[in-house]
Amino acid sequence: MTINSLTKNTKHLLHALYQSGVRHFVVSPGSRTTPVALLLAEYARQNKNIKLYIDVDERSAGFFALGIAKRLLEPVALLGTSGTAITEYTSAVAEAHISHIPLIVLSTDRPIELQDNGAPQTIPQHQIFGALTKKFVVFTLQDEQPDVTSYIDFMTQKLVHEIVMAPKGPLQINLPLRKPLMPQLNEPTTIVVPPLKFDKTADSMPPMQLSESRVVIIAGPNEGNDYQSELLNFSKKYHVPVIADVLSRTRQKATIYGIDALIKANILTAIYQPDLVIRFGATPISARILEWLKSENIPVWFVGEDTLADHSRHVSRVLQVSPTSFLSQISVNNDADFYQRWQHLNQKKRHITGETSIAHVLDRVLPDQTAVFVANSMAIRDMDDVFTGQTTQNIYANRGANGIDGIVSTALGMSSTSPRRSVLLTGDLTLFHDMNGLMMARQYHLPIDIIVINNNGGAIFSFLPQATAESYFDMLFGTPLNLNVSKIADLYELSYVKIKTADELEQVMKTPVTGTRLIEFESNRSNNVKAHQQLMGGVQHE
């Protein structure tokens, strides 16, 4: 039997993706995905290095794939069917675009003769994500021209390489397919994809001696490789204080935490003002730190391979190298007293109560190197304020678009590749927004504790000016849902525990359990505002 063009070219596409480092595939099944899905399933059965996940909800699937890519820092492929199904990936693609995640969307499509003439399940898929993708290509898998096969081999490897180079980003591969869609399964032809090798470009800079003696480093959210040990060694050697964002994967005892609360409490007086601030990573969780830098007119250098991320537009110099390379070439004679003054900030007493106490307990009880995913809005701010990184620095979040979309699914994707039990810290509104994602927890028995802070609505709005519009606030912003979390756990056949105090969480986390567990902590939005105002002692105004 001679291999047909559909089977041959699809196999070449899959082999080229594998050869480019793609090991994880998430499939949202549909009729138009038939040839790719079947040959992918066959390939995964033959190659144990391939991990294949099936998620029937496209929006959940997009974020599940994003979670895998975020933790492993490698490209992950999504396969979806034609029509509005592909549009459901848009939110995840947007997050991948802003957070520089190499997400690959294999969008199966209707052929050209069915476009724009009323054919069902057909929409314009050509570059449907627009500027949200770094690269785009169309492969005609049913074309019998031999040159098409070599084009697929070459372009797949070329484009995957390009999306994993800084700044990283998503890729859409559109696949228009005609019926018949059935490929040849168990076809014995050996597929050979000529390798396309890329030499790594140099990531280096000449040695530099800084003249400033009051230098501070801000380690923002880390989208790339870890540099924790290099940063801490540099900090100790040169007496340079490090303000570590909770998403920097560098936070621990020697780094400064909770900078937002310190600034809000007016603790950073003139004696803490640096001559120079060096920024690594993406936009910090704390908006106040950028405002402080700008209002005090403190010189700022931005260091990183990705594009400059500074909406405050307060950066005077950009060095496009990795933090590791930068730290290996920089020396500074920093003021030792200045360094100690900053280190003492961690000793400032924090009055931790209410919702924030959940993050505080996690800081104390989590096993070493636990992967923790944190929802946006209040949860991530609480973590940034009080989580010191005593046991783990592996904290993740979707801070590209700062939305609550797909948080559960992203956390589950992260969990699927974690070597030990992981954690998701979320609110009730965020849980509701991605409840469908819990099906993946049930289907794959993922080992994760989902801690739900149930304050019956959107707690962060209670801190914003619209909270004063009391006649309309709950209807438009508080949006109470009155969720019964125990019934959600029953629906997805998950373990469930309800705790009344944060201290109870410690015992729950020590109780062995298999699969996914929902842990509910009830809170009150009004009390939460008061607790945050008193965090650093006394009543503070937002």
Side-chain angles (χ1 to χ4, degrees), residues 4-17 20 22 25-41 43 52 54-62 65 75-94 96-97 102-145 147-149 151-156 158-160 163 169-184:
N4 64 36
S5 58
L6 173 61
T7 302
K8 178 181 69 173
N9 288 331
T10 302
K11 284 188 170 185
H12 272 263
L13 169 60
L14 297 175
H15 281 252
L17 287 169
S20 301
V22 180
F25 294 79
V26 182
V27 178
S28 306
S31 175
R32 200 59 44 165
T33 66
T34 296
V36 186
L38 285 172
L39 291 173
L40 173 58
Y43 192 24
L52 176 61
I54 310 302
D55 193 338
V56 297
D57 183 314
E58 283 83 6
R59 189 174 76 158
S60 171
V76 174
L78 270 168
L79 172 63
T81 196
S82 66
T84 58
I86 294 299
T87 69
E88 298 294 337
Y89 291 150
T90 304
S91 297
V93 172
H97 167 71
L103 197 63
I104 302 170
V105 177
L106 305 175
S107 52
T108 57
D109 198 358
R110 301 292 172 114
I112 189 66
E113 64 269 18
L114 296 182
Q115 300 292 330
D116 298 319
N117 59 12
Q121 209 171 333
T122 306
I123 65 173
Q125 290 182 202
H126 188 91
Q127 292 186 302
I128 194 169
F129 305 111
L132 297 178
T133 49
K134 183 177 180 180
K135 294 292 177 179
F136 167 81
V137 71
V138 177
F139 290 149
T140 51
L141 299 179
Q142 290 160 310
D143 195 320
E144 296 182 0
Q145 167 60 245
D147 202 39
V148 169
T149 305
Y151 175 72
I152 291 170
D153 290 344
F154 179 85
M155 286 299 291
T156 299
K158 173 180 180 290
L159 293 178
V160 174
I163 68 167
L171 160 68
Q172 182 194 0
I173 300 177
N174 202 45
L175 304 170
L177 295 165
R178 295 183 179 90
K179 292 182 178 180
L181 297 171
M182 276 297 296
Q184 297 167 276

query: side chain to side chain contact (heavy atoms under 4.5 Å, CB included) with L177: which of T33, L141, T140?
result: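 With L177 as partner, T33, L141, T140 yield a single side chain to side chain contact (heavy atoms under 4.5 Å, CB included), made by L141.
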Do [X] and [Y] have side chains that get closer than 4.5 Å, going by heavy atoms?
X    : Y    : result
F139 : V148 : no
F25  : L17  : yes
R32  : K179 : yes
L38  : M182 : yes
P176 : V138 : yes
L181 : S31  : yes
P29  : I54  : yes

[atom1]/[X] to [atom2]/[Y] distance, rounded to the nearest 0.5 angstrom?
X    : Y    : atom1 : atom2 : result
R59  : T87  : CZ    : OG1   : 11.0 Å
T90  : H97  : OG1   : NE2   : 13.0 Å
L78  : I173 : CG    : CD1   : 11.5 Å
I152 : L14  : CD1   : CG    : 10.0 Å
H12  : T156 : NE2   : OG1   : 11.0 Å
K134 : L171 : NZ    : CG    : 10.5 Å

So, the side chain of [X] versus the backbone of [Y]: is there a donor-acceptor pair under 3.5 Å, distance only?
X    : Y    : result
Q142 : R178 : yes
T7   : N4   : no
Q115 : R110 : yes

Smallest separation among heavy atoms of [X] and [Y], with atom names:
X    : Y    : value
G83  : I123 : O-CD1, 3.4 Å
T81  : T108 : CA-OG1, 3.3 Å
Y89  : S28  : OH-OG, 2.9 Å
P180 : L6   : O-CD2, 4.1 Å
A61  : D55  : N-OD2, 3.2 Å
L103 : A65  : CD1-CB, 3.7 Å

task: Determine whether the side chains of D109 and S82 contain a donor N or O and an acceptor N or O closer than 3.5 Å.
output: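 No pair is found: no donor N or O on one side chain lies under 3.5 Å from an acceptor on the other.
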- request: Compute whether any side-chain donor of one residue and acceptor of the other, for S107 and N174, lie under 3.5 angstrom apart.
  value: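 Looking only at side-chain atoms, N174 and S107 do form a donor-acceptor pair, the distance falling under 3.5 Å.
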query: How are the rings of H15 and Y43 set relative to one another: parallel (under 30°), tilted (30 to 60°) or perpendicular (over 60°)?
result: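 Ring orientation of H15 relative to Y43: parallel.
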query: Is the CD atom of Q121 crowded by more than 12 outside heavy atoms at less than 6.0 Å?
result: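 Enclosed: over 12 neighbouring heavy atoms sit under 6.0 Å from CD of Q121.
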- request: Could you go through the side-chain contact (heavy atoms from CB on, under 4.5 Å) check for F136 and F129 one step at a time?
  value: CA-CA 9 Å; F136 167 81; F129 305 111; over 6 Å; no
Criterion side chain to side chain donor-acceptor pair (under 3.5 Å) on N9 and T149, from CA distance to verdict: CA-CA 6 Å; N9 288 331; T149 305; 2.6 Å; yes
